[in-house]
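Below, chains carry the letters A, B, ... as their sequence lines are ordered, and counting in each starts from 1. What you see is a predicted model; the values in this text were computed from it and never measured.
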There are 2 protein chains.
Amino acid sequence: MTGETDRKQAAEHLALTLVGAGMQRMAARVLAAFLFTDAPSLTAGDLSEELGASAGSVSGAIKMVMQMGLIERAPAPGSRREHYRMRDRAWTTLYGRQHAPIDDILSAVAHGVETVGPGPARERLIYMRDFYEFLLSEVPTLIERFEAQRSGQHRGESRP
Amino acid sequence: MTGETDRKQAAEHLALTLVGAGMQRMAARVLAAFLFTDAPSLTAGDLSEELGASAGSVSGAIKMVMQMGLIERAPAPGSRREHYRMRDRAWTTLYGRQHAPIDDILSAVAHGVETVGPGPARERLIYMRDFYEFLLSEVPTLIERFEAQRSGQHRGESRP
DNA sequence: GCGAACGTTCAGAAATTTCTGAAGACAGAT
DNA sequence: ATCTGTCTTCAGAAATTTCTGAACGTTCGC
């Protein structure tokens, strides 16, 4: 069955969990709309109507989601409006981006190590610094591994 | 050099970057205080004074940071107050916890896959589901690898 | 050019989050 | 048992974030 209502509900539900994970509310709703649509592209107007939100907030949200590298402009055939669609690597990109703050944390901690004299605090800071350095080097590898594995088996199929 | 003022500044700076990464303000400040102290344990009163915050907000922050598994009660010798200290595995724990939302995202997406009929949207949802499933299985491995590597070389040293 | 349709920006309103201060609860000392 | 110092809870205040609506630009068709 799965009426249009169910689809919207599922989309809103996902948007809310993304908010729980730290994403801005409207940006999450816009992202979910793209994820759940079968249309090849959406315009700001489409989103405004679909989400029942003002043109202003949709504009801001699109800007954010674009900066995150999750959607892109779609070649607009004859149409006057700007069309957008999800990018292919959206999810790995999103995950990679969530690691951007790690850079900042790392430099803050490294500065701490320089500032603090010998003692337990310094040992702790060194441990933390090493851990975040490790992460920073391993995450890209992780993502590559997923992409390789996926294009390898090319499953793209659903389940029972 | 590195006076007490520098230490506090470095701690506050780290707290702010943690806030940028999504942590609550006061919780981040409390955490940084523990990270940067050479004292074997801190009490709520110590923190309140050190951070210039009310007893109420410190209490709430301690509760959060405890629930995150980053600090623990320290055996209090004769003292009437409650003493706390950082846990050993704090940082790997913190990182693991940041992945808790992934569980939620995963089930929201899985539900989406069930709800949506065949089409581009469904393919997208399947890709996303697979990616988050992959993450969920790989992250614990990653952390184990770090811990193994660390206890292996046992470097615990600073740099020039 | 001129007009109309869209998109963007921004000041202010609304909602949410976060902090404080005071009142209450608890544990140990006397 | 009572008192004292310490922690917790909670209602309201303050600050921050987020949304809206209106004014302004831009681009395309005529």
Between A/Asp46 and A/Ser41, what is the shortest heavy-atom contact and its length?
OD2-O, 4.4 Å
Outermost DNA chain D nucleotides near chain A [under 4.0 Å, heavy atoms]
D/dT18 to D/dC28
Could you tell me if the side chain of A/Arg89 sits less than 4.5 Å from the side chain of A/Thr93, heavy atoms only?
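Yes - at least one pair of side-chain heavy atoms lies under 4.5 Å apart.
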Quick one: pull up CG in A/Asp130 and CD in B/Gln149 and give me the separation to the nearest 0.5 Å.
9.0 Å
May I ask you to decide if [Y]'s main-chain N or O and [X]'s side chain share a donor-acceptor pair within less than 3.5 Å?
X        : Y        : answer
A/Arg124 : B/Thr37  : yes
B/Ser59  : B/Ala55  : no
B/Arg129 : B/Val109 : no
B/Arg81  : B/Gly45  : no

Quick check, are the ring centers of B/Tyr132 and A/Phe146 under 6.0 angstrom apart?
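No: the rings miss the under 6.0 Å criterion.
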Go through residues 13-34 of chain B and report each residue with a non-hydrogen atom lying under 4.0 Å from DNA chain C, sorted by number.
B/Gln24, B/Arg25, B/Met26
Interatomic distance where CZ belongs to B/Arg80 and C1' belongs to C/dC26 [whole Å]
11 Å
Reckon A/Gly45 touches a base, only the sugar-phosphate, or nothing at all at heavy-atom distances under 4.0 Å?
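Counting heavy atoms under 4.0 Å across all strands, the contact made by A/Gly45 is with sugar-phosphate only.
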